[in-house]
Amino acid sequence: MTDIFISYAREDRDRAETLANVFAALGWSVWWDRNIIAGQAFDHAIEAALEEAKCVVVLWSRHSIQSEWVKNEAAVAVERDVLVPAMIDDIKLPLEFRRKQTANLTDWTGDHTHSGFDALCQGVRTTLASEPLSPLVPHQPRKLKGFHPRRLVVAIFAGVAIFASISFVYFA
């Protein structure tokens, strides 16, 4: 049984792939239509994966709001009470899906600390009733090697002391 099924319009494949990779890196199993095996019928493979997924993440965009496939997949997710919607373009959602709180990923570029991504993960965790296997590690700014705040204070005081002593000798 797959943790997350990602529903998206084919024009948004790159953004769906980024999200699938991040979810997988967090330890969740992900199904999206790139998992269809050669020779399988699309509709049967998608329907089976959609029915078995514990959570369905729908990526709403200017393309997906026009897609009957995406709207049908979202409707199945609503029926099963496993829909976690995310908006990747600033658009008006289809009427039947406006009642659900939707994570805003319109400016998300893969950063784990993005508020919309955090909201999406919270929705996924709640729907799955579990945490990802890998913890979310926020991006940490690199520290300068050997830099310690105490050393900076000591260096400043030493500089001031040297300047004061040179000034005293020079002006005395």
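Because the structure is predicted, anything quoted here is derived from the model rather than measured.
Using a 4.5 Å cut-off on side-chain heavy atoms (C-beta onward), Val84 and Val56 make no contact. Taking 4.5 Å as the limit, some side-chain heavy atom of Cys121 sits within range of a side-chain heavy atom of Phe23. Side chains of Thr2 and Glu52 form a contact here, defined as non-hydrogen atoms less than 4.5 Å apart. Looking at Gln122 and Phe117, their side chains never come closer than 4.5 Å, going by heavy atoms from C-beta outward. Within the 4.5 Å cutoff, no side-chain heavy atoms of Met87 are placed close to those of Leu105.
With a 6.0 Å radius and a threshold of 12 heavy atoms from other residues, nucleotides or ligands, Asp107 has its CG atom above the threshold. Atom CZ of Arg98 has more than 12 heavy atoms from other residues, nucleotides or ligands within 6.0 Å. More than 12 heavy atoms of other residues, nucleotides or ligands lie within 6.0 Å of CD in Glu51, so this atom counts as buried by the packing criterion.
Heavy-atom minimum distance, Ala103 versus Gly116: CB-O, 3.6 Å. For the pair Asp3 and Ser29, the tightest heavy-atom approach, listed with the atom from each and the gap, is N-OG, 2.8 Å. Looking at every heavy atom in both residues, Gly110 comes nearest to Val22 through O-CG2, 4.5 Å. Closest non-hydrogen pair, Lys54 versus Thr127, comes out as O-CG2, 3.5 Å. In plain terms, the two heavy atoms of Ala74 and Val58 that are nearest each other are CB-CG2, 3.9 Å.
The CD atom of Glu73 sits 11.5 Å away from atom CD1 of Ile6, with the distance rounded to the nearest 0.5 Å. Atom CG in Leu19 sits 6.0 Å away from atom CG in Leu59 (nearest 0.5 Å). The structure places CD of Glu79 at 11.0 Å from CG of Asp81, a figure rounded to the nearest 0.5 Å. Summarising the geometry, atom CZ belonging to Phe97 is positioned 12.0 Å from atom CD1 belonging to Ile65; distances are rounded to the nearest 0.5 Å. To the nearest 0.5 angstrom, Ser115 atom OG is 11.5 Å from Leu120 atom CG. With rounding to the nearest 0.5 Å, the separation of NZ in Lys71 from CD in Glu68 is 4.5 Å.
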Side chain to side chain contact (heavy atoms under 4.5 Å, CB included) evaluation trace for Val124 with Val57: CA-CA 8 Å; Val124 169; Val57 172; 3.9 Å; yes
Test side chain to side chain contact (heavy atoms under 4.5 Å, CB included) applied to Lys100 and Leu83, step by step: CA-CA 9 Å; Lys100 292 277 189 181; Leu83 175 65; 4.2 Å; yes
Does Trp60 form a ring pair (Phe, Tyr, Trp, His ring centres under 6.0 Å) with Tyr8? I'd like the steps, not just the answer. CA-CA 7 Å; Trp60 291 116; Tyr8 67 99; over 10 Å; no
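Residues Trp32 and Phe5 keep their aromatic ring centres 6.0 Å or farther apart.
Counting only N and O atoms by type, the side chains of Asp111 and Thr109 include no donor and acceptor under 3.5 Å apart. Using a 3.5 Å distance cut-off with no hydrogens or angles, the side chains of Asp12 and Ser61 do pair a donor with an acceptor.
In terms of modelled atom types and a separation under 3.5 Å, the side chain of Asp89 and the main chain of Ile91 share no donor-acceptor contact. In terms of modelled atom types and a separation under 3.5 Å, the side chain of Ser67 and the main chain of His63 share no donor-acceptor contact. Between the side chain of Arg15 and the backbone N or O of Ile88, at least one donor-acceptor pair lies under 3.5 Å.
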